[in-house]
Amino acid sequence: MDTLRRPLIAGNWKMNLDHLQSIAFVQKLAWALKDANYQANEVEIGVFPPFTDLRSVQTLINADSLPFALGAQDLSMHDEGAHTGDISGAFLRALECEYVITGHSERRADHGETDEVVAAKTHAAIKHALVPIICVGESAEDLELHGASKVPCDQLRVVLASLAPTDTYVVAYEPIWAIGSGQAATSSQAQDVARALRDVIRELHGDSAADSTRILYGGSVKSGNIAGFMKKDDVDGALVGGASLSVDEFSAIARFPQHVTLDQEN
Ligand code: PEP
């Protein structure tokens, strides 16, 4: 973690919690963080509910001035029109979403999203003033065949080719083998790939983009391992799946600067 980049802890709820459950969850999360003296200036928290919850969560965040950024889990590459079931980035922006996830491995697997589709969606996000969180990561087979960095770096190159060096984006390194498996990468593995991804940004978009872009690690992040990741120079936060559905776990992850384990390696 570089002190110039504000850490981001992003909770990807996936297809969990309906709009009523989302309201209760966000209220409890806000109370838990307030009780624990969470400092919003130190760490940014983002919540990424399903589309059907966005309006409810937006209303709650606004009404109670909660310190949460709102994001969506996907968007269409199109602005509007005959695309049944798709959601435009313009609609997300109208709901005051700040972020949108692109290229999550579950969308690549379940919906056949190629790097080119991810690039088009990421471009659409920027067009609609959303900050894309571009997910990249290798499978267990890729890891065996090519090592950890090659596939994520290749994926990132395709997406960055559709963006300008001045665009604002976040990159999430999410090894597929670590997602939902309980087997996180080590902090050193995460650092090595995050550094390689930052080098790709430097090569394609220059020093300023490379130094200011936040790179997250995702894959079985928990309160017990977050501090080890955040100690690493090139890891600027986490994309959290399963643990983002527990108020206690997610609030503990977001309070990583307070962890007494900050000096421990994982
Ligand atoms: C994810 O799907 O983005 C993710 C990181 O999931 P989990 O934290 O459950 O591994």
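Indexing begins at 1, ligand by ligand and atom by atom, following the structure's order. This chain uses plain numbering: 1 for the first residue, then up along the sequence.
- Surrounding CD of E203 are more than 12 heavy atoms belonging to other residues, nucleotides or ligands, all under 6.0 Å away.
- Less than 4.0 angstrom separates some heavy atom of G241 from each of these atoms of ligand 1: 4 (C), 5 (C), 6 (O), 7 (P), 8 (O), 9 (O).
- The protein non-hydrogen atom at the shortest distance from atom 2 (O) of ligand 1 is K14 NZ, 2.5 Å.
- Salt-bridge check for E113 with R107: passed, with a basic side-chain N closer than 4.0 Å to an acidic carboxylate O.
- Proximity of a side-chain donor or acceptor of K121 to a complementary backbone N or O of T102 within less than 3.5 Å is not detected.
- Checked for salt-bridge contact, R55 and E96 miss the test: no charged N lies under 4.0 Å from a carboxylate O.
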Step-by-step ring-ring contact (aromatic ring centres under 6.0 Å, His included) determination, H205 to Y169:
CA-CA 12 Å; H205 283 173; Y169 52 86; 5.7 Å; yes

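- Contact annotation: G219 has at least one heavy atom less than 4.0 Å from an atom of ligand 1.
- The pair E249-K222 fails the salt-bridge criterion, with no side-chain N (NZ, NE, NH1 or NH2) lying under 4.0 Å from an Asp/Glu carboxylate O.
- Looking only at protein heavy atoms, the nearest one to atom 1 (C) of ligand 1 is H104 NE2, 3.2 Å.
- Remark: ligand 1 atoms within the under-4.0 Å shell around heavy atoms of G180 are 7 (P), 9 (O), 10 (O).
- When all heavy atoms are compared, the tightest approach of R5 to D211 is NH1-O, 2.8 Å.
- Taking every non-hydrogen atom of G242 and a distance limit under 4.0 Å, the qualifying atoms of ligand 1 come out as 7 (P), 8 (O), 9 (O).
- Considering only non-hydrogen protein atoms, atom 3 (O) of ligand 1 sits nearest to E174 OE2, 2.7 Å.
- In summary, the atoms of ligand 1 found under 4.0 Å from a heavy atom of L239, numbered by their order in the structure, are 3 (O), 5 (C).
- Under the 4.0 angstrom criterion for non-hydrogen atoms, A178 is in contact with ligand 1.
- Close approach of ligand 1 to S220 (heavy-atom distance below 4.0 Å) involves ligand atoms 7 (P), 8 (O), 10 (O).
- Between D236 and R198 a salt bridge is recorded (basic side-chain N to carboxylate O distance below 4.0 Å).
- In summary, the atoms of ligand 1 found under 4.0 Å from a heavy atom of N12, numbered by their order in the structure, are 3 (O).
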